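I have placed the structure first, in the form of C-alpha cells, so that the comments after it can refer back to it.
Sequence positions, counted from 1, serve as the residue numbers for this chain. Model, not experiment: these values are computed from the prediction.
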Amino acid sequence: MEFLMRYAFVGLGHRVQLYIDALLGEWGDTGEIAALCDVNRTRIGYYLDRIGRDVPSFAPHEFGKLLQLADAVVVATVDAAHARYVVAALEAGKDVIVEKPLCTTAEDCAAIVEAAERSTGRLVVTFNYRYSPRNSAVRRLIADGAIGDVASVHFEWVLDTIHGADYFRRWHRDRSSSGGLLVHKSTHHFDLVNWWLADTARSVYARSALRFYGAANARARGLLDRPRRAHGAPELGTDPYLLDISADPRLKRLYLDAEHEDGYIRDQDVFGEGVSIDDNMAVLVGYSRGATLTYSLNAHGPFEGYRVAFNGTAGRLELEVVERAWTPPRAAIDPTAADKAHAPGAFERLVLHRHWSEPEEVAIPSGAGGHGGGDALMLNDVFRGAGEDPLGRQAGHLAGVAGVMVGISANLSAATGAPVLLDGDGTRLAS
C-alpha cells in the first residue's frame, strides 16, 4: 500500500485553504489531512465542514499533541507566530511547509536556521511568485546570459486600493504581528531578486513612511468621523474603503461569525487608529557579487502591477506586469484575487534589449489558475517533490531567511537612518 503523508495545519485563516483544497482534490493521492490547529473553534468548524469528515483538532497550547499525528506541518498563522511552530515541528523531526514570510525578526531567523540544520525534517518556504511563468522566464534568460552579468536592478511594485488597502484593515496593520509590508509583502520581491541573480544581499539602506492610510493622514485630508469598522457602518456600500465582510460567504464564516471567540475584527477602517505599518517604502540593496537593487513599494496605487528592469553587461531585460488596470469603486473585496491575469486591462510584457540589436519581445507561457498556472506548479513541488528543476524554484530555509532578512534589515535601516550590513550568505546581521 502506498504511503500517504499525514499533514497537519496550524493557522486556519484565508490562505491555508489553498493547501487544504489541494489535498481534497488533485493532490489527494499524496497525503491526508491528519490534524488542525487554531485559536478559534469557529474557523476550525469551517474547515471541518470543507473537509467533510471529523479531523482531530487542537488549540495552540496542544501543538505537541498535534505533532504526534503528523509527518508534516503546514504553518499559515500570523507571521510573528511562524517561528514558534516551525522550530517545534523541526525539532520533532517533521517536514514543514511555511507561508512567506518565514518569520519577522533576526532572532527568529537564527532559531529556524539552527533547528533546520539539526532536524531530519525538511523545510519548504512557499514562494509562489517563483513559479509564475513570467518570473521563471526572467530567471531562465538571466541564467542563460542573455544580458551578460547583471550590474543593477530597478524594481517597482504597486499595490492598488483594493489589495493594498486590505493590509491596513486586518492584522497586518500591526507591525508586531506582520513585520510591516517590507517583511510581509516585500519578502516575496526580495526573494525573487535573490533567486533571479542567484546572489544574496550584503548591504541594505531604506526609507519608509505612512503617508496615506491611518488616522493622522485621514485627519490631514479632512476625512473625519470615520467608523471603527465597516460592518454596521452607515457608509457601507458607498465608501470604497469599507469592506462588506458579510457579502463574502467565506470571509463571513472565517471572521465575522468567529469574532465572539477571539475578538479579531477583519474589516477595520484603513483610516482608523492603530496602524503601525508604512505604505510607501524605498530600499537600496547591494549584492555580494556587486549588483545593486533599487526597490520601491506603494500600497495605495490606482492600478496594480510591477515593473522590473535588469541592466547587464550585454544588454537590458524589462518585465512589465499590470494585474489590474484600474480599481473600480466599492470593490473592497478583490474579485480577481485567484487569477488577476483575467482582470480587465491586465497584461504582461517581457522585452530583451541586446546591445546593437532591435528589442525582442519574449513570449511568456501561461497556464490555468492563480499566477498564470504558477500555483499549481508550486503545489506539485510541495506535495510531490521538486524533482529535477533547472530553475531551482523550491525554496528551503536558507532562501527563506535570505529573503526575509532584506526586509528586516530595511526596517532597521528606516528606523535608524543608517545602512545595515549582512553576512556573506545574507542570513545574519553582520557583527
Side-chain angles (χ1 to χ4, degrees), residues 9 11-21 36 38-51 76-81 99 159-178 181 184-185 212-215 217-218 223 225-277 279 299-301 304 323-324 327-340 343 370:
F9 295 82
L12 301 180
H14 162 85
R15 180 62 182 171
V16 81
Q17 186 168 316
L18 175 71
Y19 305 98
I20 287 179
D21 283 359
L36 304 176
D38 197 83
V39 298
N40 192 292
R41 295 297 308 182
T42 301
R43 283 196 285 275
I44 289 174
Y46 170 83
Y47 281 104
L48 288 175
D49 288 347
R50 194 167 191 87
I51 294 165
T77 63
V78 168
D79 298 342
E99 274 288 294
L159 297 169
D160 66 10
T161 47
I162 295 175
H163 187 182
D166 208 38
Y167 293 113
F168 294 82
R169 64 172 63 97
R170 47 187 167 142
W171 57 263
H172 305 75
R173 74 203 315 252
D174 177 8
R175 187 182 294 266
S176 67
S177 295
S178 67
L181 291 180
H184 175 81
K185 185 64 178 174
F212 185 77
Y213 300 107
N217 289 316
L223 301 176
D225 300 319
R226 299 287 305 176
R228 184 177 72 91
R229 64 175 302 181
H231 187 64
E235 302 90 344
L236 185 61
T238 60
D239 185 328
Y241 291 100
L242 296 182
L243 171 68
D244 187 356
I245 198 170
S246 65
D248 184 291
R250 178 165 59 156
L251 292 182
K252 180 178 182 298
R253 283 204 61 189
L254 284 174
Y255 302 111
L256 186 62
D257 294 350
E259 288 177 8
H260 66 282
E261 290 193 51
D262 56 20
Y264 172 57
I265 306 298
R266 173 63 178 80
D267 61 343
Q268 297 177 81
D269 180 38
V270 299
F271 298 114
E273 301 289 348
V275 174
S276 58
I277 65 172
D279 52 27
H300 53 91
E304 176 132 341
E323 295 183 327
R324 188 166 35 239
T327 50
R330 292 177 293 282
I333 295 176
D334 186 349
T336 58
D339 189 3
K340 289 195 178 84

- [ ] Check for a donor-acceptor pair, side chain of Glu261 on one end and backbone N or O of Thr42 on the other, with a separation under 3.5 Å.
- [x] yes
TODO: Output the distance between atom OG1 (Thr77) and atom CD (Glu99), rounded to the nearest 0.5 Å.
DONE: 10.0 Å
TODO: Could you check whether the rings of Tyr167 and His172 sit parallel, tilted or perpendicular, using 30° and 60° as the cut-offs?
DONE: perpendicular
Task: Heavy-atom closest contact (Leu181 atom, Ile277 atom, distance) - done: CG-CD1, 4.2 Å
- [ ] Please name the pair of heavy atoms, one in Phe271 and one in Ala218, separated by the smallest distance, quoted to 0.1 Å.
- [x] CB-CB, 3.6 Å
Task: Main-chain N/O of Glu304 paired to Arg324 side chain as donor or acceptor, under 3.5 Å - done: no
Task: Check ion pair Lys252-Asp257 (N to O, under 4.0 angstrom) - done: yes
Task: Candidate list Arg253, Arg43, Arg250, test salt bridge (charged side-chain N to carboxylate O under 4.0 Å, His left out), partner Asp49, passing option - done: Arg253
TODO: Report yes if the side chains of Leu242 and Pro227 come closer than 4.5 Å at any heavy-atom pair, otherwise no.
DONE: yes
Open item on the list: Are the side chains of Arg266 and Leu254 in contact, using a 4.5 Å heavy-atom criterion?
Closed with: no
Task: Tyr19-Phe9 aromatic ring centre distance below 6.0 Å - done: no
TODO: Quick one: pull up CG in Leu12 and CD1 in Ile44 and give me the separation to the nearest 0.5 Å.
DONE: 6.0 Å
Open item on the list: Can you confirm whether Lys185 sits close enough to His163 that some side-chain heavy atom of one is under 4.5 Å from a side-chain heavy atom of the other?
Closed with: yes
Open item on the list: Nearest 0.5 Å, please: how far is CG in Leu236 from CD1 in Ile245?
Closed with: 10.5 Å
TODO: Please report the closest heavy-atom contact between Ser177 and Asp79, naming both atoms and the distance.
DONE: O-CB, 3.5 Å
Open item on the list: As an exercise, state the distance from NE2 of His300 to CG of Asp279, rounded to the nearest 0.5 Å.
Closed with: 4.5 Å
- [ ] With sequence neighbours excluded, tell me which residues meet side-chain hydrogen bond (donor to acceptor under 3.5 Å, both in side chains) with Arg226.
- [x] Asp239, Asp269
TODO: Look only at the side chain of Tyr264 and the backbone of Ala258, and say whether a donor-acceptor pair between them is shorter than 3.5 Å.
DONE: no
Open item on the list: Under the rule for side-chain hydrogen bond (donor to acceptor under 3.5 Å, both in side chains), what residues qualify as partners of Arg228, not counting sequence neighbours?
Closed with: none
TODO: Could you verify whether a donor N or O on one side chain and an acceptor N or O on the other, from Glu235 and Tyr241, lie under 3.5 Å apart?
DONE: no
Task: Check: Tyr46 side chain, Gly13 main-chain N or O, donor-acceptor pair, under 3.5 Å - done: no
TODO: Output the distance between atom CD1 (Ile51) and atom CG (Asp21), rounded to the nearest 0.5 Å.
DONE: 9.5 Å
Task: Beyond-backbone contact of Asn217 with Val275, side-chain heavy atoms, under 4.5 angstrom - done: no
Open item on the list: Could you report the tightest heavy-atom contact between Leu256 and Ser246, atom names first, then the distance?
Closed with: CD2-CB, 4.1 Å
TODO: First locate atom NE2 of His231, then atom CG of Asp244, and finally report the distance between them rounded to the nearest 0.5 Å.
DONE: 8.5 Å
Task: Atom of Arg173, atom of Phe168 and distance for their closest heavy-atom approach - done: NE-O, 2.8 Å
Task: Nearest atoms (heavy-atom pairs only) where Val16 meets Gly11 - done: CB-O, 3.5 Å
Task: Side chain Thr327, main chain Ile162, donor-acceptor under 3.5 Å - done: no
TODO: Kindly indicate, with the supporting measurements, whether the criterion side chain to side chain contact (heavy atoms under 4.5 Å, CB included) is fulfilled by Gln17 and Ile20.
DONE: CA-CA 5 Å; Gln17 186 168 316; Ile20 287 179; 5.5 Å; no
